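All chains are named by letter (A, B, ...) in the order of the sequence lines, taking the proteins before the strands, and each is independently numbered beginning at 1. Please read all numbers here as calculations on a predicted model, not as lab measurements.
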Amino acid sequence: MKAPPFAYVRATGHEHLFALLAEHGDDARILAGGQSLVAALNLRLSEPRLLVDITRLQDPGVTFDGHTLTIGALVRHAEIARHPLIREHAPLLHQAAQHVAHPAIRNRGTFGGSLALNDPAAEYPACMVALGATLRLRSAGGTRQVPAAAFFQGVYTTVLRPGEILEAAEIRAAPAARSVFLELARRHGDYAMVGLAAHRTPEALHLVFMAVGDGPTAAPHAAAASPRGLAAAQEALAQDLRCSGDTQASPATRLHLARVLLGRALHQVQA
Amino acid sequence: MTLSLETDIALTVNGAPVRARVQARTHLVDFLRDELGLTGSHAGCEHGVCGACTIRVDGLAVRGCLVLAASLDGSTVDTIEGLHDSGAIADLQEHFHVRNALQCGFCTAGMLVSAHELLQSDPTPTRDAIRAHMSGNYCRCTGYQAIVDAIEATARARHPA
């Protein structure tokens, strides 16, 4: 199908962007990599009057100050997948990026676009929650920081306000941590049936599932039961997940697959 | 501010400068086919699933159906026509032919662009790596074996063990 008519403006700077968003409100949509938005436009699932292209805005890129890894919202998936600082300081994210769609989509789609969309089957939201990342939001009024666990609010929903954009994610390095990202999909790069971001620090085990419900879903019961063994953790997982069913998998199948991933992940982060 | 449904762009397509006024809603493949007559790029599913529209923008393989022409001011686009004329993928095309790695040909331009990118970043990929990289390109004729064969044969011919 073909997209409905809309106007296109390339934001030349943040002031220009915020002025456009203030003027057009709900009629405007932000265009970054466009790998979800243009598909939705072509399917006529979205009919904005204006697209505001933010890809030429200044972006923080990927930096590390000795303690905190900062990743700009406009960094593309392919860059996330191969950047040496991410591989070293956020190996969970490095692993997850290999699962984000297909190479040609990874060349174009952005880190921030995926986070701001919060597709229930997206990899990065689960990683941000598991890593305890902080998201930096920017509007005409300034910036604010929101913990990842509070940022994601359900299917395609976040705490972003009208006129506000996601600028960057900040991740505190955890040198002693072990982490693993696992995902099951029918075809490599397709939407996951189930995914798991597992991050073990000396203090705690963080388990966050994706594609099981309405967004990143933490599994504290399974994590708490894990010292008693794998079977106990897998049993407890039923208290954490309220799996949804769709054409790919029934709720029971999803829970089973989530337990399979939990088993694989615990073997790896505890080994 | 009055909103215009059209945008002026200046870009480079297969080495030649192009100036055009495009509807903002027009994706790259429709622009290439309808405005420039470059019909080697195919629009299949038009929502990023099938890979038939895979094309090079600024040196990287992208989904042509998920890129708006309006957003490409200042960009460089290389289509299958440009890649063919440059000779850069002549051996890959020959191996697709010899191995019978196409039947109807609808997916082939996208297959070649994806395979070309793989062989640039990983000159001697394993068959598993070929399959993983090509996972975003559907073929409904060949069953993929011949496509994997053709890519592998090209890599071996370029880099004999």
What is the distance from atom [atom1] of [X] to atom [atom2] of [Y], rounded to the nearest 0.5 Å?
{"X": "A:R187", "Y": "B:R131", "atom1": "CZ", "atom2": "CZ", "value": "13.0 Å"}
{"X": "B:H47", "Y": "A:L43", "atom1": "NE2", "atom2": "CG", "value": "5.5 Å"}
{"X": "B:T54", "Y": "A:H102", "atom1": "OG1", "atom2": "NE2", "value": "10.0 Å"}

Quiz item: Given the options B:A24, B:S135, B:G136, which has more heavy-atom pairs under 4.5 Å with chain A than any of the others?
Solution: B:S135

Quiz prompt | Portion of B:E6 that has a non-hydrogen atom of chain A nearer than 4.5 angstrom | solution = neither

Practice problem: Let me know if B:E46 has heavy atoms under 4.5 Å from chain A in its side chain, its backbone, both or neither. | Solution: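 Looking at B:E46, backbone and side chain both touch chain A.
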
Quiz prompt | Neighbours of chain A found in residues 55-72 of chain B - heavy atoms under 4.5 Å | solution = B:V57, B:L60, B:A61, B:V62, B:R63, B:C65, B:L66, B:V67, B:L68, B:A70, B:S71, B:L72

Quiz item: When only heavy atoms count and the cut-off is under 4.5 Å, which of residues 73-82 of chain B reach chain A?
Solution: B:D73, B:S75

Exercise. Report, by ascending residue number, the residues of residues 26-36 of chain A in heavy-atom contact with chain B at a distance under 4.5 Å; give 'none' if the set is empty.
Key: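 Under the 4.5 Å heavy-atom cut-off, A:L31, A:G33, A:G34, A:Q35 qualify.
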
Self-check item: Least distance between heavy atoms, A:A7 atom then B:S4 atom
Solution: CB-O, 3.0 Å

For chain B, the option from [options] that forms the most heavy-atom pairs under 4.5 Å:
{"options": "A:I105, A:D53, A:D190", "answer": "A:I105"}
{"options": "A:P5, A:A40, A:G109", "answer": "A:P5"}
{"options": "A:R49, A:R106, A:K2", "answer": "A:K2"}

Return yes when atom [atom1] of [X] has more than 12 non-hydrogen atoms of other residues, nucleotides or ligands closer than 6.0 Å, and no otherwise.
{"X": "A:R10", "atom1": "CZ", "value": "yes"}
{"X": "A:Y191", "atom1": "OH", "value": "no"}
{"X": "A:H188", "atom1": "NE2", "value": "yes"}
{"X": "B:R156", "atom1": "CZ", "value": "no"}

Quiz item: Is it the side chain or the backbone of A:L37 that comes within 4.5 Å of chain B heavy atoms, both, or neither?
Solution: neither

Quiz item: For A:R56, is it the side chain, the backbone, both or neither that has a heavy atom under 4.5 Å from a heavy atom of chain B?
Solution: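 Side chain only.
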
Exercise. Please determine if B:R25 forms a cation-pi arrangement with A:Y8, meaning its NZ or CZ atom is less than 6.0 Å from the six-membered ring centre and no more than 45° off the ring axis.
Key: no

I'd like a table of donor-acceptor pairs (distance under 3.5 Å, sequence neighbours excluded) in which one partner is a side-chain atom from residues 101-115 of chain B, with atom names and distances.
from: B:T108; atom 1: OG1; to: B:G105; atom 2: O; distance (Å): 3.3
from: B:S114; atom 1: OG; to: B:G110; atom 2: O; distance (Å): 3.3
from: B:S114; atom 1: OG; to: B:N137; atom 2: OD1; distance (Å): 3.0
from: B:S114; atom 1: OG; to: B:N137; atom 2: ND2; distance (Å): 3.4

